[in-house]
Colleague: 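For reference, the structure I am asking about is given below.
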Amino acid sequence: MTTNSQTITFSIDRLYPGTTLGGPIYEDNDGSVLLLQAGVCVTEEQIEQLRNRGIQQIRIERRFADSVLRAPGARASRPRKAASTPAIKADKVAPPINRPAAKVTWSAQLSQSVQKLRGAQAEKLSNVYSLLENQGGFDAGVLDEIGQESIDQLSVDMDLFIKGSIEPQLSEAATEHCVRVSQLAVAVGAMAGHTREELRWLAMGCLVSRCRATDAARELCEAPRKLTAVEFAEIKRTPGRVFDMLSTIEFPLVARTVAYQIHERWNGSGYPRKKAGVQIHPLARIAGVCDSYVSLTSPRPHRPAFSLYNAVVQILSDARAGLFDPHTIRCFLRTVSLYPLGAYVRLNTGQIGRVLRTSPDAYDRPTIEIAGSTPPEIISLVDAPDILVTEVIDADQAAEEIFVPQEGQLTSEDINFLLGVKHA
């Protein structure tokens, strides 16, 4: 075990099931990579997942060390499986999901950890796409690894992971899009109760869904106008190209089906085969909703990006029109919520707040952190039935209404920094 003035590094062998973490723990060789969130009760499965990722040393802030480290004799108290109990493969069960208590906030460091994961996954996927463009083979295990990384994050902080996956990317690269879709789909699939193995297939299918688009198809997707029937037919050929390419390598059939059916729609109006209802694989239904949501929150030549809230509203409108499976939409709402994390809202009290946590069973009753309050005021709308969200506003408007800068007070740059508003 090593220490410095701020943190302590110790072997993963000293992390025991049943331990409730007083603070978050991070990977030692990269202190920005969050492994488990504060307040988590550590399980055997979580420890095994960390070992499988090759993690041997972990780091925690010194002030929280007592919640983890135990006397050497404590090792004997580690729960043991009965000899007669057959081992259960981890990928055949649903992964653990951690959604912290309603009033548990998140830090900039935790957000950066999720963003770093997304960036690393996009880089790995870019390498796969490059190999395919050059007619080379690729190791499907790379895609499986990306999916497993996303699944592991559900046991850290699912809300924070979702926040990172739905925030729009800076580029419009296909790989960035597919990583966002795969991350969001994994979260929705976990909320729907799918097993770890099924979530891996779901992620892999989402990741390759755009890998065989032709140059012509990519150009048409960027056209600032409505496409002709002939032009749209070129785009509709992409799923078939993807499926044919995946059929030549060792790749899970379900994952191939997800990539092939991601654009099918519940009412039969999708492509490439106009499948409808239960003809569409359940995992492909999830992929379709998530792909649509990510597309809406991304700018296009013919329209600006939808806000996260307005994109949810559009998805609900499309569901009413019959495009999406109602059960999948309910799982989507339980995951993303009507008011996504980080959104600014106006309450019927006249106050403005930022969505701090969502409520899976009450889509319109998030936990709100009142902006500009000192000390911070946090309101769980589930516990405050008389308080309602009346409007969703953007961060710039929130800044203008909360702060009225005068001489010697905060500058507009200070305000934007406090609210997390980034300008080019």
Colleague: Within the distance-only criterion (no hydrogens, no angle test), does the side chain of Gln314 pair as donor or acceptor with the backbone N or O of Leu296 below 3.5 angstrom?
Modeller: no
Colleague: Please confirm whether the backbone N or O of Asp361 pairs with a side-chain atom of Arg334, one donor and one acceptor, at under 3.5 Å?
Modeller: no
Colleague: Is the side chain of Glu264 donor-acceptor paired with the backbone N or O of Arg273 at a distance under 3.5 Å, no angle test?
Modeller: yes
Colleague: So, Glu167 and Lys163, do they make that salt bridge, N to O below 4.0 Å?
Modeller: yes
Colleague: If we ignore hydrogens and angles and just use 3.5 Å, is the side chain of Ser209 paired with the main-chain N or O of Ala259 as donor and acceptor?
Modeller: no
Colleague: For Gln279, look at atom CD and say whether over 12 heavy atoms of other residues, nucleotides or ligands are found less than 6.0 Å away.
Modeller: yes
Colleague: Which residue is it: Ile368, Ile393, Val392? I am looking for the one with a side chain to side chain contact (heavy atoms under 4.5 Å, CB included) to Tyr344.
Modeller: Ile393
Colleague: Is there a donor-acceptor contact under 3.5 Å linking the side chains of Gln183 and Gln121?
Modeller: yes
Colleague: As an exercise, state the distance from OG1 of Thr335 to OH of Tyr293, rounded to the nearest 0.5 Å.
Modeller: 11.5 Å
Colleague: Report yes or no: does Asn98 contribute a side-chain atom to a donor-acceptor pair with the main-chain N or O of Val156 at less than 3.5 Å?
Modeller: yes
Colleague: Between the main-chain N or O of Arg346 and the side-chain N or O of Thr390, is there a donor-acceptor pair closer than 3.5 Å?
Modeller: yes
Colleague: Test your reading of the model: is there a side-chain donor-acceptor pair from Asp318 to the backbone of Leu323, 3.5 Å cut-off?
Modeller: no
Colleague: Is there a donor-acceptor contact under 3.5 Å from the side chain of Arg256 to the main chain of Phe251?
Modeller: yes
Colleague: Can you give me the closest heavy-atom contact between Tyr129 and Cys178, atom names plus distance?
Modeller: OH-SG, 3.5 Å
Colleague: To the nearest 0.5 Å, what is the distance between OG1 on Thr328 and CD1 on Ile315?
Modeller: 11.5 Å
